[in-house]
Structure formats: structure tokens, C-alpha cells
Number of protein chains: 2
Amino acid sequence: MGVDVFDTNMPKRYSPVVTEAANSDDVPNLPPTSWAVLGMLSHADELSGYDLKKWADWSLQFFYWSPSYSQIYAELKRLEKHGLATSRAVIQQDGVRGKRMYTITESGRKAAARWVNDAPVEAPVLKHSVMLRVWLGNLAEPERLREMLEAHIAYVEKMAKRAEADAKGAESNPDWAYPSAVLRWCTRHYESERDLAQELLADIDTLPKRRRRKHG
Amino acid sequence: MGVDVFDTNMPKRYSPVVTEAANSDDVPNLPPTSWAVLGMLSHADELSGYDLKKWADWSLQFFYWSPSYSQIYAELKRLEKHGLATSRAVIQQDGVRGKRMYTITESGRKAAARWVNDAPVEAPVLKHSVMLRVWLGNLAEPERLREMLEAHIAYVEKMAKRAEADAKGAESNPDWAYPSAVLRWCTRHYESERDLAQELLADIDTLPKRRRRKHG
DNA sequence: CGTTGCATGTAAGGTGTTACATGATTAC
DNA sequence: GTAATCATGTAACACCTTACATGCAACG
């Protein structure tokens with residue numbers, strides 16, 4: 001393994017060296033998911049855990065991932081414990097169900113800003129099970145591989161359309177300028193995934209078929 | 001939230017309905033990471049845990065992610081427990097260090113093939129911290145956003161070049177036809193990520209700057 | 001009157017990481 | 001000699017999911 005051009009170990013962070021400000025006690029050391037939830041709170045007045053989950057499915061989902069309900073509730077408690085968010089109980093009355101609404105605090109807004117600006121950026125994580133299967137293509141039935149890639153193409157097309165529709169809905173509001181820029185990125189990302197999957201499909205069709213059980 | 005065209009809940013699996021064969025007792029229910037490790041074993045004669053980690057850094061890394069040493073050792077034990085791999089101890093002698101070499105079993109090869117063909121395919125997982133920060137761009141310093149995106153572009157360019165070099169190295173061997181097709185996909189994927197990041201950079205430059213602390 | 005949606009949470013367990021420990025060999 | 005690499009593993013813990021429990025409201 002005498003390669004000298006590239007590092008074997010790619011960084012998990014883009015800037016591993018923590019600048020003095022980054023992990024001082026005014027910005028608690030939380031996982032990105034916490035900041036994602038706090039970030040959603042920063043885009044709204046008041047949200048319940050349920051609201052947050054629904055919204056995560058329509059926004060975070062495209063470029064991060066949507067945490068489960070239970071994790072969202074846990075994160076909210078943690079954020080409140082750190083003073084980054086506050087909550088008020090909305091008790092049930094007149095046929096309106098009880099719930100707990102969360103709001104970002106001023107301290108939370110500052111901490112989020114410092115996290116965005118100063119915390120080391122984690123390298124993007126990709127876990128592409130479809131590619132994992134193609135990578136093991138020598139074990140697979142060619143038809144199954146094709147089916148998988150076609151299901152994947154359908155999936156990314158759906159995501160591209162959803163992102164596009166969301167981007168359209170968001171771009172009218174100047175407060176959502178950054179979220180809509182990201183949604184435009186997502187649209188292009190999923191469209192590009194579609195094209196890449198189609199090229200891969202064409203690519204593996206040129207491969208000599210070493211195993212073929214049926215071709216009827 | 002009266003959208004009727006798309007599902008709010010995107011599938012975590014492409015085919016949630018398990019076909020009779022998929023989870024019968026002959027294919028143990030293991031996480032994708034286990035199959036990834038078994039898959040690496042299926043591409044080689046005999047590998048140590050250390051070898052597997054090194055190889056994961058150069059192959060899986062591009063489209064899946066590279067598990068830590070400790071997890072690889074744990075996965076190997078699990079695979080052996082299920083009879084999908086066997087190991088032999090290479091004791092140290094004549095200045096050669098001791099180690100344990102793992103081999104896929106015939107049963108392991110069959111199980112891996114059934115997993116690839118029949119198990120429901122997990123939707124790809126993307127955790128893009130860079131996009132998360134851009135999404136919170138209203139909290140950020142524009143210059144920091146720019147720096148992050150530029151670091152990201154440098155990262156994906158590095159990945160693209162590594163994938164391309166690997167693809168070149170692999171394509172001569174006909175046994176690696178599928179791995180090299182995937183590496184070509186990875187090359188295009190990272191090149192596309194670079195282009196997308198550049199477009200996003202241009203996109204956010206057109207945004208009205210609501211906050212600006214310094215511009216010297 | 002049953003299903004769906006709203007709403008919140010707990011418990012258990014799986015997945016995966018970091019830090020640590022150990023010790024030999026190789027390269028500078 | 002001391003730093004890096006080879007090689008394996010344990011322990012502690014963080015992260016996250018699934019399954020489960022609960023109960024009301026609205027819709028048909």
C-alpha cells in the first residue's frame with residue numbers, strides 16, 4: 001500500500017483542530033441531530049415534538065435524516081436541560097388536546113450560531129445499500145440488480161419531485177432563503193442520483209454475464 | 001399540510017413485504033454492515049480484521065462507510081458464530097506477528113447471495129452536515145459558509161480522484177467487474193457532488209445579505 | 001363504532017464510536 | 001531510541017430504533 005498522494009484515513013471532520021471558542025462551556029457538545037432539532041425550532045415560533053417530526057419528514061429528510069419520534073422527544077428534553085429551548089404545557093380544554101410546545105431561547109440561538117460557525121464540520125455520511133448490493137453483484141441475479149436499481153431510480157425521482165415542490169413553496173418567504181437554497185440543492189442532488197443510477201445500469205449491462213439462471 | 005401527491009413517510013425499505021425466503025432461518029437477520037464485511041471476505045481468500053479495516057477505507061468508504069476496528073472485530077466474531085466465516089490463528093514465529101485470518105464459508109457465500117437477492121433493500125442514508133449548516137445559514141457568517149463549502153468541494157474532489165484511481169486499478173481484473181462499476185459510479189457521484197456544491201455556492205451568493213459583520 | 005390522526009412518552013435493545021491497553025516490528 | 005505501523009481486543013458509553021402503552025378526537 002505505497003500510495004503517497006492520498007491519506008488512507010479521510011477526515012471525519014473538515015477541521016479537526018478545535019478553535020478555542022468552539023468547545024468552550026458556552027456551547028455544549030451535542031450531536032448534530034440536536035442542532036438539527038434546535039435548527040428547526042429556530043425557523044419557527046413554537047413547535048410540539050409531533051410537529052417537529054412531521055416537519056423533519058418534509059425538510060431534514062432530504063439531506064439529513066428524520067429522527068424517530070422518541071428521539072425527537074429525547075432531544076427536546078436535552079435542549080431544555082441545557083437552556084437552549086423552553087417549553088410550555090398546553091393543557092387540554094374545549095376539545096383541544098394537551099401538548100407541550102417548544103421555543104428556542106436567546107441562548108439557544110446564540111449556541112446554534114456558534115455551532116454553525118465554529119464547530120468542526122463532520123464529513124458527510126453516505127450509507128448506500130443499493131451500491132453495496134451492486135458491489136456484491138457477482139453473487140446476485142442480474143435481473144434482481146436491475147430491479148433494485150429501477151426501484152432506486154423511482155425513489156430518487158420521488159424525492160427530487162418532493163424537494164422541488166417544497167422549494168417552490170419555500171422560496172416566496174425571504175426568511176427561508178437558505179432552506180430553499182438547500183432544497184434546490186436537494187432537487188439537483190436527487191436528479192443527479194437518478195442519472196448516475198441510469199448510467200450504472202447501462203454500465204453493468206455491458207458486463208459479461210458469468211452467471212445466468214434463467215433469461216425467459 | 002394537505003398534500004396528496006406524495007407520501008409523508010418515505011419507505012425505509014424499497015420492498016417492505018418480506019418474501020417467504022428472505023427471513024427464513026437459513027439467512028440470519030444481520031445489519032447491512034455485517035453483510036458488507038462478509039462481502040469483503042467474499043472478494044478475497046483470507047483477511048485479518050486489520051486487513052479488512054484498511055480495505056474498507058479504500059472501498060466501502062466511498063459508498064457505504066468504513067466501520068471502526070472494534071466493530072470489524074465484533075462483526076467477524078458474529079459472522080463466525082453464525083457459521084458464515086471461519087478463522088484460523090496464525091501464531092507468531094520468525095519475526096512474523098500473530099494474527100487471525102478469516103475466510104468466508106460456503107454457507108456464508110450462499111447467505112450473502114440470498115441477502116443480496118432477496119432481502120428488502122434499505123433506502124440510502126444521507127447525513128450531510130454541510131447542508132445542515134447551510135440550511136441554518138441565517139445564523140451563520142456568509143464567509144464561514146463559503147469556507148465550509150469550499151472545504152467540502154476539496155473533500156469531494158479528493159474522493160473523486162481516489163475513486164477514479166481505485167477504479168483504474170480494479171478494472172483490469174474480471175473478478176472485480178462489479179466493484180469497478182461501483183467505483184466508476186462513485187467517481188461520477190463525487191464529481192457531481194462537486195458541481196452541486198459549486199452551484200449552491202453561486203446560489204447563496206445571490207441571496208440578499210441580511211447580516212454582515214465585516215467585509216474587509 | 002372502527003380507523004386514522006394527534007400527542008407523548010418508556011423500555012429494551014441494537015448499532016457503532018472513542019478511549020484505552022498491549023506488545024511486537026519497522027523505519028528514521 | 002522513538003515514532004509509526006501492525007495487530008487485537010475490552011470497556012464504557014453515545015446514539016438511535018422498534019415495540020409498546022396510552023388516550024382523545026375526528027371522520028366515515
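FYI, side chains are in, hydrogens and waters are out, and symmetry mates aren't considered; it's all heavy atoms of this structure. Each chain gets a letter, A, B and so on, in the order its sequence line appears, and its residues count up from 1.
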Taking OP1 and OP2 of D/dC15, is either one under 4.0 Å from a side-chain nitrogen or oxygen of A/Gln71? no
Report yes if at least one side-chain N or O of B/Ser68 is closer than 4.0 Å to OP1 or OP2 of C/dG16; otherwise report no. no
With nearest nucleotides of DNA chain C determined for A/Lys127 and A/Ser70 from heavy-atom distances, which residue corresponds to the more 5′ nucleotide? A/Ser70
Salt bridge or not between [X] and [Y]? Use side-chain N to carboxylate O under 4.0 Å.
X: B/Asp57; Y: B/Lys53; value: yes
X: B/Glu164; Y: B/Lys161; value: no
X: B/Arg144; Y: B/Glu147; value: yes

Base, sugar-phosphate alone, or nothing: which one does A/Thr33 contact when heavy atoms must sit under 4.0 Å apart? sugar-phosphate
Classify the nucleic acid contact of A/Ser48 as base, sugar-phosphate or nothing, counting any heavy atom under 4.0 Å across all strands shown. sugar-phosphate
Where the side chain of [X] is defined as all heavy atoms beyond and including C-beta, which of [options] is the nearest nucleotide?
X: A/Arg78; options: C/dT17, C/dA7, D/dC15; result: D/dC15
X: A/Trp65; options: D/dT17, C/dG16, C/dG9; result: D/dT17
X: B/Lys99; options: D/dC15, D/dT8, C/dT17; result: D/dT8
X: A/Glu75; options: D/dT8, D/dA7, D/dC16; result: D/dC16
X: B/Tyr73; options: C/dT8, C/dT15, D/dT8; result: D/dT8

Give the rounded distance in Å between these two atoms: [atom1] of [X] and [atom2] of [N].
X: B/Leu52; N: D/dA7; atom1: CG; atom2: C1'; answer: 13 Å
X: B/Leu76; N: D/dG9; atom1: CG; atom2: P; answer: 9 Å
X: A/Ile72; N: D/dC15; atom1: CD1; atom2: C1'; answer: 14 Å
X: B/Asp51; N: D/dT8; atom1: CG; atom2: C1'; answer: 12 Å
X: A/Tyr69; N: C/dG5; atom1: OH; atom2: P; answer: 10 Å
X: A/Leu47; N: C/dC6; atom1: CG; atom2: C1'; answer: 15 Å
X: B/Tyr50; N: C/dG23; atom1: OH; atom2: P; answer: 18 Å
X: A/Lys53; N: C/dG5; atom1: NZ; atom2: C1'; answer: 15 Å

Close aromatic pair by centroid cut-off 6.0 Å: B/His128 and A/Trp65: no
Closest to the 5' end of DNA chain D, once B/Lys77 and A/Leu30 are matched to their nearest nucleotides, is B/Lys77
B/Trp35 versus A/Arg133: any side-chain heavy-atom pair under 4.5 Å? no
